[in-house]
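Chain identifiers are assigned alphabetically (A, B, ...) following the order of the sequence lines, protein sequences preceding nucleic acid strands; residue numbering begins at 1 within each chain. Atom set for the values below is all heavy atoms of this structure, side chains included, hydrogens, waters and symmetry mates excluded.
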Amino acid sequence: MSSLSHANEEAEGLRPPQAAQSAVPGDAEARSLRPDVALLQKAQQGDRGAYGQIILLYQDRLYNAVLRMVGDREEARELTQEAFTRGLSKLESFRGDASPYTWLFRIAVNLAISQLRKVQRVRVFSLDRPVPNGQGGRRDSTQAANLVDRVARDRSELPPQRAERRERDEAVLAALGRLDAEYRAVLVMRDIEGFDYQQMADVLGLPLGTLKSRLFRARLALRDELRTYLSDRK
Amino acid sequence: MSQNQEIIESKLCAYIDGELDTEGRAEIEKHLEANPQHRRLLESLRATRDLLRWLPREPAPAEIAETLNGQLERSVLLNYEGEHLGPSIWPKVFAAAAIVTLTAGLGVAVYYALPRSQSPAQLALHTAAEPESGNADVVPAPLATTEESSRNEAAHAGGAERDREAYASKAGPSRMALGEPATLTPSARQDLADQAKMPERLSVGQKKSDELEQLARQVGQNPSAFVAAASNGFGLNANAVQNANPTAATPLVLLVKSDAPEQTERQVTAYLNEQQIQWRQAPQASPANAAPAPAAVAPVTQPAAPAEAVAAKNESSNSANGTLGAPQNNIAGSQVAQQQQQQPRQETSQNAIANNVRFAENVYVCQMSRRQAAQLSNTIATSTTPVAQVQDLSRAANSIVNAAPGEAPASTNAVAQRGVAGGAGASGFGAGRSGAAEDRARSMKTAAGGAEAEQLAVAPSAATAKDAQNAASAPAPVLSKADAREGATTQPAPAQAAGLAPTPGSAATQPAAVAAGPTTAPADEPVNVVILVQANPAAPSNAPAAPAPAAPPAAAAQPPSQQSQQSPATTSQSQQQQQPR
């Protein structure tokens with residue numbers, strides 16, 4: 001399994017973090033117990049504090065995913081909050097066959113797709129408030145975040161290069177905002193959130209072949225949107 | 001999308017992500033070696049994927065966690081469920097419910113706070129309950145005092161609210177709210193005018209009720225005057241006729257002479273109750289009150305004329321006045337009438353008053369339309385048991401009612417002082433209380449189809465002695481052309497004004513003329529009606545009910561031009577009167 005899959009499992013609690021594994025190496029039960037699942041089970045039993053911990057655990061990741069889909073921060077904030085609220089009201093619907101984040105992300109992506117279909121507007125993505133890498137910004141343990149940070153670390157943060165990166169990100173977000181909601185969803189889930197095909201199929205309710213085909217077409221569409229940028233770079 | 005294409009795309013997607021198995025990866029690389037453009041395509045797609053992966057991650061705003069944790073804490077403290085978190089629709093629902101509640105409450109408050117006048121239905125109930133309670137002086141408070149207040153109250157009347165909504169739909173809401181009827185459509189303006197008249201009608205109805213009470217008292221005080229008027233006819237009441245107020249308030253006086261007064265009274269009251277007509281029974285005139293009235297008017301100075309002479313006078317008077325029932329005696333009768341005009345008639349008048357007062361049984365005062373009066377008269381007159389006759393004494397009674405209470409009625413004085421013009425019936429009553437004179441008078445009346453009817457019909461034409469002479473000289477003065485023209489144009493003859501047609505029919509046919517005759521008020525306009533029921537002194541107990549004489553009807557006696565001017569109602573009445581009763 002690739003490093004992307006490992007990071008994804010860590011993010012969803014399937015694989016305990018490396019620090020936890022080293023801290024409790026002999027406790028098989030502690031290793032098998034997924035923290036987010038335990039918290040959600042406590043929340044199902046009426047522990048509101050446990051659900052509050054789930055919110056703190058997933059809010060950044062969920063917010064970022066929703067933001068990439070809808071392209072508006074305020075709208076992303078409202079949708080994220082609504083997703084957590086609906087998750088709390090539908091705690092009994094969680095049966096444990098999927099990870100808690102996948103369960104919450106399904107709620108959020110459905111809300112985002114509904115919102116995009118409702119609004120039917122093309123958003124212009126911007127990076128008005130880019131994350132200051134390595135300078136006190138919040139870090140997520142997701143694979144995408146690690147990848148971005150890794151890329152950022154590999155590069156020298158010279159001003160010209162930083163400007164080039166900002167220009168590139170803006171172009172990518174603008175191209176992403178011009179795609180259909182379904183293409184945005186699969187691209188965000190796969191290339192930003194790092195979901196595997198089966199998780200994506202579960203969230204979207206699609207067969208694997210159809211999902212892969214839609215993902216291939218979404219990448220083709222995004223490449224067409226970025227053709228001008230890519231040709232300029234070359 | 002074909003299945004093959006979907007499979008190829010799924011394999012390419014998996015190849016880009018590095019999740020294709022070894023066999024599939026080898027197959028694709030083999031293909032890419034043969035097609036370098038496909039390789040470049042896959043490389044561009046992989047670069048696009050990397051661009052998405054390199055996008056920076058944005059942290060969630062702090063307010064998300066703070067808001068959600070705050071709601072969670074409140075839910076824990078207040079033991080709320082999870083569905084109470086986040087934005088809810090219930091505040092909006094509560095706000096809408098509050099607005100609706102406040103609006104409804106304000107409407108109810110305004111509805112009950114604003115003063116309301118009685119609706120017509122309530123007023124009708126109140127008016128209908130008055131006779132039973134006996135408190136006729138209780139006047140409904142909200143009745144209008146001025147026209148303006150009446151209109152304002154009409155706007156609040158319950159019965160008029162629906163009409164007002166209809167007006168609002170016609171005229172527009174803003175104008176109606178401002179009360180500007182000037183912008184209304186003509187139909188809406190007419191409706192508004194009708195609506196504004198409603199309280200006036202109510203007020204008029206109340207005034208009529210008061211008038212009814214007053215009229216009942218006056219009639220109760222002077223019943224003899226009415227009876228005297230019945231006996232004397234209208235010939236001598238020219239002044240009263242001229243002074244009569246030709247308005248709807250002019251009382252319609254019906255004298256009912258019945259063989260069985262009690263049964264007739266029951267008929268009258270039954271009809272009034274059936275029609276839901278408000279009625280009063282005038283105070284019973286005691287002999288002490290009734291008898292002095294004629295005596296105070298004019299003392300009897302001469303003894304009553306012999307019955308035969310009176311009967312002869314009656315006959316001649318009938319002929320002189322153009323009695324339709326005896327046209328064959330017109331010439332001779334007119335000569336006798338000329339002689340009679342020279343004789344004092346106070347004696348006959350006083351005797352008639354004295355006799356008729358004794359027969360006055362009961363007096364009823366009510367308000368009804370002329371149509372209803374005609375129907376009542378027709379009901380009474382057409383009933384076989386008891387046999388009753390109805391006379392209209394309206395004009396003569398008007399002067400009585402207009403007289404001040406307590407003083408001698410002007411008509412009575414007039415009757416007493418001026419004598420009787422052609423009082424066949426009166427003379428018959430006065431002199432023929434017994435013996436052959438009474439039989440003769442009765443037979444005359446029967447032969448003529450009702451002496452009283454004839455007398456009332458022709459009385460105007462013989463209002464004075466001069467008129468009587470003129471009438472006597474006429475070949476067939478049933479109703480002279482001049483009289484008919486006069487009654488129809490300038491000065492309506494009393495009989496005509498009272499609604500009686502100058503036809504020789506029996507009394508049963510007269511009520512139809514009450515409604516059909518020329519009246520100053522519409523047929524449906526309520527008027528004060530005084531009904532005097534008295535026993536018929538000349539009840540034909542054994543007299544055969546002789547049919548009307550085969551005399552030429554009034555239409556036949558009139559010139560062709562007069563026939564053409566005769567109204568259809570009169571024509572129909574004439575046809576009815578030809579039928580034997």
Side-chain angles (χ1 to χ4, degrees), chain A residues 2 48-49 51-52 55-56 59-64 67-68 73 77 80-82 84-86 88-91 127 129-131 133 137-138 140 142 144-145 147-148 151-152 165 168-169 171-173 176 187-188 190-192 197 208-213 215-217 219-220 222-223 226 230, chain B residues 1-20 24 40-88:
Chain A
S2 65
R48 296 289 188 266
Y51 194 77
I55 292 172
L56 292 176
Q59 64 172 349
D60 290 339
R61 183 181 177 188
L62 193 63
Y63 170 77
N64 185 74
L67 176 62
R68 296 302 177 229
R73 289 188 175 85
R77 186 187 65 79
T80 303
Q81 190 169 338
E82 179 67 18
F84 280 119
T85 303
R86 289 195 181 187
L88 180 61
S89 63
K90 296 179 180 177
L91 276 175
L127 294 175
R129 202 175 61 179
V131 177
N133 294 326
R138 301 189 62 162
D140 292 329
T142 62
L147 178 61
V148 172
V151 171
R165 182 177 59 83
R168 181 201 63 202
D169 293 342
V172 172
L173 290 175
L176 184 63
L187 289 174
V188 168
R190 177 64 187 177
D191 296 333
I192 296 177
Y197 293 145
L208 278 176
T210 304
L211 175 71
K212 291 177 183 177
S213 175
L215 179 59
F216 182 78
R217 287 172 176 268
R219 284 170 175 165
L220 279 176
L222 183 60
R223 187 207 65 162
L226 292 172
L230 294 176
Chain B
M1 182 188 300
S2 65
Q3 190 70 21
N4 191 21
Q5 184 179 3
E6 183 176 337
I7 292 173
I8 293 174
E9 287 179 353
S10 63
K11 285 184 177 180
L12 291 175
C13 181
Y15 176 78
I16 292 171
D17 289 338
E19 294 190 3
L20 194 62
R40 287 194 295 271
L41 173 64
L42 292 180
E43 288 176 355
S44 65
L45 292 178
R46 191 176 288 114
T48 303
R49 182 200 61 182
D50 293 339
L51 288 174
L52 285 175
R53 289 184 176 181
W54 290 342
L55 285 175
R57 304 191 65 85
E58 291 202 22
E63 56 262 29
I64 292 180
E66 292 174 359
T67 302
L68 291 174
N69 284 327
Q71 292 176 357
L72 286 172
E73 290 173 0
R74 284 196 297 273
S75 67
V76 170
L77 292 175
L78 302 175
N79 197 18
Y80 280 172
E81 295 298 330
E83 51 265 25
H84 292 280
L85 296 176
S88 175

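Of all non-hydrogen atoms in B:Ser10 and A:Gly209, the two that sit nearest each other are CB-O, 4.0 Å. A pairwise comparison of heavy atoms in B:Glu6 and A:Ser213 identifies CG-CB, 3.7 Å as the closest pair. Of all the heavy atoms in B:Ala60 and A:Asp60, the pair that sits closest is N-OD1, 2.7 Å. Minimum interatomic distance between B:Cys13 and A:Leu215 (heavy atoms only, all atoms of both residues): SG-CD2, 3.3 Å. The two residues B:Pro61 and A:Gln59 have their closest heavy-atom pair at O-OE1, 4.3 Å.
Distance check: B:Arg57 CZ to A:Arg61 CZ gives 7.0 Å after rounding to the nearest 0.5 Å. To the nearest 0.5 angstrom, A:Gln81 atom CD is 11.0 Å from B:Glu66 atom CD. With rounding to the nearest 0.5 angstrom, the CZ atom of A:Arg219 is 9.0 Å from the OG1 atom of B:Thr48. Rounding to the nearest 0.5 Å places CZ of A:Arg168 at 7.5 Å from CG of B:Leu55. Between the CD1 atom of B:Ile64 and the CG atom of A:Leu56 there is a distance of 11.0 Å, given to the nearest 0.5 Å.
Residues that satisfy the salt bridge (charged side-chain N to carboxylate O under 4.0 Å, His left out) test with A:Arg223, not counting sequence neighbours, are absent from this structure. Partners of B:Arg46 under the side chain to side chain contact (heavy atoms under 4.5 Å, CB included) rule, at least two apart in sequence or in another chain, are B:Tyr15, B:Ile16, B:Glu43, B:Arg49, B:Asp50.
Contact count against chain B (heavy-atom pairs under 4.5 Å) is highest for A:Leu220 among A:Leu208, A:Leu220, A:Thr80, A:Leu226.
Residues B:Asp17 and A:Phe216 form no side-chain contact, since every pair of their non-hydrogen atoms from C-beta on lies 4.5 Å or further apart. Under the 4.5 Å side-chain criterion, counting only non-hydrogen atoms from C-beta, A:Arg68 is in contact with B:Glu58.
Of the atoms belonging to B:Leu41, heavy atoms from both backbone and side chain fall under 4.5 Å from chain A.
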